[in-house]
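Just below is one structure, and these are the notes that go with it.
Naming convention: chains lettered A, B, ... in sequence-line order (proteins, then strands); numbering from 1 in each chain.
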Protein chains: 2
Amino acid sequence: MSADVTQSTPPVWSDRKPGVEDIQRLILKRICFLEYTPGDRLKEAELAEEFGVSRTPVRDAISRINHLGLVETINGVGNVVMELPPEKIAQVYEIRLHLATLIGATTPAQIEESHLDRTRDLLQQAHQLGGQVDSRQYVSVNDQLNTLISDLIGNSVLRSFWTQAYYQAASTWHRVVDCAGPEVGDALVAELVDLETAMAEQDIQAVGYVQRIHIGYGYTRIKKYLLKNCDDDVS
Amino acid sequence: MSADVTQSTPPVWSDRKPGVEDIQRLILKRICFLEYTPGDRLKEAELAEEFGVSRTPVRDAISRINHLGLVETINGVGNVVMELPPEKIAQVYEIRLHLATLIGATTPAQIEESHLDRTRDLLQQAHQLGGQVDSRQYVSVNDQLNTLISDLIGNSVLRSFWTQAYYQAASTWHRVVDCAGPEVGDALVAELVDLETAMAEQDIQAVGYVQRIHIGYGYTRIKKYLLKNCDDDVS
DNA sequence: ATTACCGATGGTGCATGCAGCATGGCGAAA
DNA sequence: TTTCGCCATGCTGCATGCACCATCGGTAAT
């Protein structure tokens with residue numbers, strides 16, 4: 001298990017005790033960010049000590065994310081981080097493709113200037129990491145992008161489903177990023193460029209289809225890289 | 001709060017101690033079946049005693065279903081059963097309409113003879129309750145129907161979303177059934193007839209569209225009956 | 001040498017105690 | 001009589017203890 005994952009998550013709790021909601025989000029992020037990898041066993045007592053709380057809220061947080069299939073709780077063993085089987089990944093992406101088209105087909109949120117600003121900021125970040133695909137930074141940008149898209153989904157139910165599917169796909173996708181070369185960085189830039197255009201046009205439907213397109217590309221890369229061995233490390 | 005809801009749920013635990021999963025499902029069913037109505041406060045200690053367990057697993061079960069918005073946990077008050085605001089109902093139904101069309105558009109499950117049998121059984125049950133719309137029985141048939149559709153969804157992610165949206169819509173829908181006359185019984189029969197045809201044709205896509213159609217009708221009835229006052233009781 | 005058993009270890013599952021919060025009722029003051 | 005404030009009550013949030021379970025390593029028997 002990774003040594004000091006604490007350092008990697010900027011928002012430190014040093015001052016305030018985190019609630020169940022915070023713990024849940026943080027654990028999910030750590031799984032998506034590959035700070036926890038399949039096979040790792042999340043020990044309640046360990047996390048409890050790290051967060052300065054008792055096992056109870058940690059248990060609660062883990063219990064809430066069990067239904068995503070990312071963590072399987074086994075009595076007497078631990079909370080094992082699971083690798084989603086390829087079949088399930090296929091199902092997740094199949095749904096994500098459809099959900100993306102629904103972003104524009106359902107009651108939309110209003111595109112405001114702030115969203116455009118955030119998009120440009122992400123685009124700049126994406127440019128900065130350029131060929132040097134430090135997966136940590138890439139993942140960060142990707143996560144912010146997902147949050148941005150979420151904010152653009154007016155239908156709260158769709159937003160919930162979108163987020164769930166994102167979490168299910170994220171860890172696998174980020175594993176692909178490690179394997180694939182800088183092409184994923186270029187792809188991210190391309191996606192953000194398309195996104196900026198769509199948002200400048202105030203066209204939510206276009207935003208959805210941009211997502212649909214690039215999720216499709218992403219899944220193609222998963223199939224391309226994840227079936228082969230991923231022997232070259234990022235060191 | 002309803003007096004002895006225990007009687008209404010056939011599977012009694014008299015022999016075996018229920019797990020968190022069981023408790024979760026049972027609470028959800030009770031909300032859908034209107035045994036718990038908006039405003040009721042689910043008290044952990046109460047449920048714990050009923051199930052013969054401690055508060056801990058009950059807390060866990062309630063915590064897991066919090067994200068659906070059907071119960072809101074308020075410190076010092078209780079776990080309040082919430083009535084979804086009309087706006088959220090609209091969002092749920094908007095998504096349900098789209099999800100229905102995805103049943104046939106995604107990797108399907110195989111339609112087997114058993115499914116057809118279950119459909120015919122439901123049709124018979126629907127006929128039996130005819131004009132006498134005892135909401136309890138209606139809801140039971142409706143719930144079995146939803147389970148049946150779930151089994152026909154091959155994509156497990158879609159199945160999960162479908163179920164979540166069903167739970168969110170169910171309590172509201174069942175409240176409409178109380179208000180509306182026997183027309184909902186007829187509508188259910190019509191839906192099951194359509195469903196039987198589609199399944200006899202082995203046409204999953206048709207199954208999805210049948211759902212899409214009747215969910216649409218259902219939402220129309222919600223708008224028709226739920227905005228007006230629901231003064232006539234079922235006695 | 002190999003295999004079967006058993007106990008030590010470390011984890012989750014559940015029970016329970018206690019602190020904190022919200023609320024309603026009662027009493028005192030205006 | 002009305003209103004303000006305080007306390008009793010009941011519930012959730014969290015901490016902690018204990019029982020059960022899984023696993024692994026050592027030991028004894030074959």
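With sequence neighbours excluded, the residues that form a side chain to side chain contact (heavy atoms under 4.5 Å, CB included) with A:T56 are A:S54. Residues meeting the ring pair (Phe, Tyr, Trp, His ring centres under 6.0 Å) test with A:F161, sequence neighbours left out: B:F161. The side-chain hydrogen bond (donor to acceptor under 3.5 Å, both in side chains) test applied to A:S160 returns A:Q164, not counting sequence neighbours.
Atom CD of A:E44 is separated from atom P of D:dT16 by 15 Å (rounded to the nearest Å). One atom, NZ of A:K43, and another, P of C:dT12, lie 8 Å apart when rounded to the nearest Å. The distance from atom CD of B:E72 to atom P of D:dC11 is 18 Å, rounded to the nearest whole Å. The interatomic distance linking A:R41 (CZ) with C:dT9 (C1') rounds to 12 Å, in whole Å. In this structure, CD of A:E46 is placed 14 Å from C1' of C:dT12, rounded to the nearest angstrom. Atom-to-atom, CD of B:E21 to C1' of C:dG13 comes out at 14 Å; the value is rounded to the nearest Å. Between the CG atom of B:L42 and the C1' atom of D:dG10 there is a distance of 15 Å, rounded to whole Å.
For B:K17, whose side chain is taken as the heavy atoms from C-beta onward, the closest listed nucleotide among C:dC14, D:dG13, C:dG13 is C:dC14.
Of the inter-residue distances, the one linking A:C32 atom SG with A:Y166 atom OH reads 5.5 Å to the nearest 0.5 angstrom. For the atom pair NZ (B:K43) and CD1 (B:I62), the distance works out to 12.0 Å, reported to the nearest 0.5 Å. Residue B:R159 holds its CZ atom at 8.0 Å from CG of B:N155, rounded to the nearest 0.5 Å. Note: B:L122 CG to B:L188 CG = 8.0 Å, rounded to the nearest 0.5 Å.
In this structure, A:H174 and A:F33 have perpendicular ring planes: the angle between them is above 60°, well past the 30° mark.
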Scan the side chains in residues 78-90 of chain A for donor-acceptor partners under 3.5 Å anywhere in the protein, sequence neighbours excluded, and list what turns up.
from: A:N79; atom 1: ND2; to: A:T73; atom 2: OG1; distance (Å): 2.6
from: A:E83; atom 1: OE2; to: A:R175; atom 2: NH2; distance (Å): 3.2

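Residues of residues 74-83 of chain A that place a heavy atom closer than 4.0 Å to DNA chain D, in numerical order, are A:N75, A:G76, A:V77. Contacts between residues 54-70 of chain B and DNA chain C, defined by a heavy-atom separation below 4.0 Å, involve B:S54, B:R55, B:T56, B:P57, listed by number.
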